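So the structure is just underneath, and the comments pick up after that.
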Amino acid sequence: MALRAALRQKCGLIGILSQPSSSGSHSRVSAVLVSQMRNNATSPKIKVDFNQSTGVAVLSMQSPPVNSLSLDFLTELCISVEKLEMDRACRGLIITSSLPKVFSAGLDILEMYGKSPERCGEFWRAVQEMWLKMYSSNMVTIAAINGSSPAGGCLLSLTCDYRIMSDNPRYSIGLNETLLGIVAPFGTDKNIIKNTHTCSN
Ligand SMILES: CC/C=C\C/C=C\C/C=C\CC/C=C/CC(=O)SCCNC(=O)CCNC(=O)[C@H](O)C(C)(C)COP(=O)(O)OP(=O)(O)OC[C@H]1O[C@@H](n2cnc3c(N)ncnc32)[C@H](O)[C@@H]1OP(=O)(O)O
C-alpha cells in the first residue's frame, strides 16, 4: 500500500501494478523493434508495450532459457530504454520477464570465458551502461521480479526505483556472484580488461 501511495504521489501510476499488460502499443517503439528485428538475425530479446493512456511502458525480457545478460541482450535493453527515455509521454517503466520462473540469471557466464580482451571490455562497458542508464533514468522504474534473479539480475532490479517480487519460496535473489569468483571490475578500461581476464582464467 505504501508503494502504491508513493507511486500515486510521484506520477499517478496507480492501477498499473494490477494490470501489467498494456492495451495499446506505441508506434515509435514498434518502429524501433521492427528496426531491431531487421538488424538482428535472431528474434528480439526485449518486448516493449507502451500504454498511451497511463504513460507507462512494460518491458518484458524474453530471452530463453534464463534472460542471461549477454552483450546482445544488454545492447537491446539499453536501446529500448533509451528510446522510451526520449519519449516525453513515457513516465513510468516496468521491467519484468516473460519467462516462467526466471526474472534474469544475471550476466551471461559465456561472455566471461575465452573471449578476447577487446570483447571483454565491450561486454563490461555494456554492463556499466545498462546500470547507469537505468539508475539515472528520468522515468519511474519498477522491477516486477516474477522469478529468480541472482547476481546481475539482482543488480538490474536494484537500478530501479521500486522492486516487487513474487511471493514464491522457490525464487531466489541476491548478489551471489562472488561464489563464482566474479568481482565486478572498476570503471576504467584497463581495470575492466585486467579484472575480466582474472575471471576467465
Ligand atoms: C562494470 C560494472 C560496474 C558496476 C557494477 C555495479 C555494481 C556491482 C554489483 C553487482 C555486480 C553484478 C555482477 C554479476 C555477475 C553475474 O551476474 S555472474 C552470473 C551469476 N548467475 C548465476 O550464478 C545464475 C546461475 N543460474 C541459476 O541459478 C539458474 O540457472 C536459475 C535459477 C537462473 C534458473 O534455474 P532453472 O530454471 O532450473 O534453469 P537451469 O539452471 O537448468 O538453466 C537453464 C540453462 O540456462 C543456462 N544458464 C543459467 N544461468 C546462466 C547464466 N548466468 N549465463 C549463461 N547461461 C546460463 C544453464 O547453463 C542452462 O543451460 P543448458 O540448458 O544446460 O544449456
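Atom set for the values below is all heavy atoms of this structure, side chains included, hydrogens, waters and symmetry mates excluded. Indexing begins at 1, ligand by ligand and atom by atom, following the structure's order. Treat the numbers as computed from the prediction; the structure is a model and nothing was measured.
Using modelled atom types and a 3.5 Å distance limit, the side chains of Ser70 and Asp72 yield no donor-acceptor pair.
Considering backbone and side-chain N/O atoms, Val127 never comes within less than 3.5 Å of an N/O atom of ligand 1. The shortest N or O to N or O distance between Leu107 and ligand 1 is below 3.5 Å. For ligand 1, the polar-atom distance check against Ile109 finds a nitrogen or oxygen pair separated by under 3.5 Å.
Of all the atoms in ligand 1, the ones that sit under 4.0 Å from a non-hydrogen atom of Gly106 are 17 (O). Interface of Val102 with ligand 1, defined as ligand atoms under 4.0 Å from a residue heavy atom, comprises 34 (C). Residue-ligand proximity, Gly152 to ligand 1, at heavy-atom distances under 4.0 Å covers atoms 14 (C), 16 (C), 17 (O). Residue Pro150 approaches ligand 1 through these ligand atoms, each under 4.0 Å from one of its heavy atoms: 24 (C). Set against the non-hydrogen atoms of Leu180, the atoms of ligand 1 under 4.0 Å away are 20 (C), 23 (O). Listed by number with element, the atoms of ligand 1 under 4.0 Å from a non-hydrogen atom of Ile182 are 18 (S).
Counting only non-hydrogen atoms, the option in Ala126, Ser148, Pro65 that gets closest to atom 46 (O) of ligand 1 is Pro65. With Ser172, Ala105, Gly181 as candidates, the residue nearest to atom 21 (N) of ligand 1 on a non-hydrogen basis is Ala105.
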request  = Report the C-alpha distance between Lys133 and Glu85 in whole Å, list the side-chain angles of each, state the deciding distance to 0.1 Å, and finish with yes or no for salt bridge (Lys or Arg N to Asp or Glu O under 4.0 Å).
outcome  = CA-CA 9 Å; Lys133 197 174 288 298; Glu85 196 80 57; over 6 Å; no
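In terms of the side-chain hydrogen bond (donor to acceptor under 3.5 Å, both in side chains) criterion, residue partners of Thr141 (sequence neighbours excluded) are, by chain and number, Asp161.
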